[in-house]
Amino acid sequence: MEIATCSRMVLCALRQQVLRCSSHCRTWARLLQRQRSSCVYSSIHGFNQDEIKEKLQAFHGGSIDLLKQDSGIAVLTINNPSRMNAFSGSMMIDLEERVSQLENWPEGKGLIVQGAAETFCSGSDLNAVRAISNQQDGMKMCMFMQNALTRLLRLPLISVALVEGRALGGGAELTTACDFRLMEAGSVIQFVHKHMGLVPGWGGAARLVHLVGSQNALKLLGGAVKVDPELGVNIGLVDGVLEGHQKTEGAAPLLQQAENWLSRYTKGPAPVIQAVKKVVLSGRELPLSEALRTEKDIFGTVWGAPANLEALASKSKHK
Ligand SMILES: CCCC(=O)SCCNC(=O)CCNC(=O)[C@H](O)C(C)(C)COP(=O)(O)OP(=O)(O)OC[C@H]1O[C@@H](n2cnc3c(N)ncnc32)[C@H](O)[C@@H]1OP(=O)(O)O
C-alpha cells in the first residue's frame with residue numbers, strides 16, 4: 001500500500017476517534033450540567049446559600065461522617081447521639097458538603113445512610129428550630145435542606161436508608177431521600193410534623209406521595225402514624241426488614257446486613273451501576289420525551305465502553 005494511502009487511512013481513523021471522543025465529552029458535559037442543576041433553588045429563586053450557611057453555622061454540635069469504601073459502597077452516618085441524632089445547623093452544612101463529595105466519586109456505586117448509636121435521626125434540632133422560628137429563616141433553612149436532600153436522591157449511586165431505632169420528623173423525611181429503605185425489626189418511621197404544628201419541609205411530603213401514593217401519604221402525615229416494618233412493607237415504603245442483631249442470636253451486624261442487601265444491586269463496574277441509577281432517575285423525574293433523550297445520552301456512555309466490550313468478548317449466557 002502506498003504511504004500516502006496509508007497515512008490517509010490513519011488520519012481518517014484518528015478523525016473518527018476524535019469525533020467519537022468529542023461526542024462522548026459533549027454527552028458528559030450535558031449530563032454534568034444536568035447534575036449541577038440538581039438543586040431546586042438558586043439565586044433566581046432569591047436563595048442565597050452563603051447567607052443561610054452563616055446562620056446555620058451558629059448552631060453547632062454533631063457531625064455527618066462519610067466513609068468511602070473500596071467496595072464502591074459509602075456509609076454516611078448522622079452523628080449526634082446526645083440528641084438522638086437530631087440535625088444541628090452545622091450538620092445541615094456538613095450534609096451538603098458530604099453530598100458534594102459523593103457527587104465527585106467516580107468509583108462510587110452505592111450509599112448507606114445510617115444513624116450513630118443505634119437510632120436513625122430525630123429530625124431537626126429543636127434548639128435550632130426555636131432560634132430560627134421566624135418565617136424568613138425557616139424558609140431559607142427549608143430551601144437549603146430541600147437542595148441538599150434532592151441532590152442526595154439524585155446522586156448516581158444506589159442509596160439505602162438503614163433505619164434502626166427511630167426516624168422522626170426530618171429524620172423520616174431523610175429516609176425518603178434514598179432509593180430504598182431497610183428497617184430493623186422494632187424500629188419506627190414517623191412523620192411527627194403534625195404534632196409539632198408543622199408539615200414536612202425538607203421535600204419529604206412530595207417524595208412520600210411518589211413512594212406510597214397520595215392516600216397512604218395523607219394517612220401517614222394526617223395521623224402522624226408510627227410506621228413499623230410490617231406496615232412499611234405493606235404500603236411500599238420499606239424494601240426490607242433486617243433482623244435486630246442484639247435481639248436475634250447469630251444475626252450479623254445491621255450495617256453488614258444492609259451492605260449484603262445492597263450488594264445485589266451494586267455488583268459490576270461503577271460506570272454501569274451509575275448509568276443504571278441515572279436512567280431510572282431520568283425516568284422517574286423527567287417528562288417521557290426528555291427522559292427518552294436522556295436515556296439515549298446515558299446509553300451512549302456505556303455502549304462500546306470497556307465493560308460492554310468485555311461482556312461481548314466473553315459471549316456470556318444469562319442463565
Ligand atoms: C422540617 C423538620 C421538622 C422536624 O424535624 S421537627 C423535630 C421533630 N422531632 C421531634 O420532635 C423529636 C423530639 N424528641 C422526642 O420525641 C424524643 O426525644 C425521642 C426522640 C422520642 C427520644 O425519646 P427518649 O428515648 O425518651 O429520649 P429523650 O427524650 O430523653 O432524648 C434524649 C436527648 O435527646 C434530646 N433530643 C431528642 N430529639 C431531639 C431533637 N429533635 N432536638 C433536640 N434534642 C433532641 C432530648 O432533648 C434529650 O436531651 P437531654 O438528655 O434532655 O439533654
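First listed ligand is number 1; within each ligand, the first listed atom is number 1.
- With respect to the salt-bridge test (charged N to carboxylate O, under 4.0 angstrom), the residues Arg151 and Glu96 qualify.
- Gln146 CD to Trp202 CH2: the interatomic distance, rounded to the nearest 0.5 Å, is 11.0 Å.
- Residues satisfying the salt bridge (Lys or Arg N to Asp or Glu O under 4.0 Å) test with Glu285, not counting sequence neighbours, are Arg154.
- Take Tyr41 and apply the ring-ring contact (aromatic ring centres under 6.0 Å, His included) test, not counting sequence neighbours, and it matches His45.
- By the ring-ring contact (aromatic ring centres under 6.0 Å, His included) test, Trp105 is found to be paired with no residue, residues two or more places apart in sequence or in another chain being considered.
- Taking a heavy-atom cut-off of under 4.0 Å, ligand 1 is surrounded by Ser82, Arg83, Met84, Ala86, Ser122, Gly123, Ser124, Asp125, Leu126, Arg166, Leu168, Gly169, Gly170, Glu173, Val192, His193, Met196, Trp202.
- Linking Ile, Leu, Val, Met, Phe, Trp and Tyr whenever their side-chain heavy atoms come within less than 4.5 Å puts Ile132 and Phe144 in one cluster.
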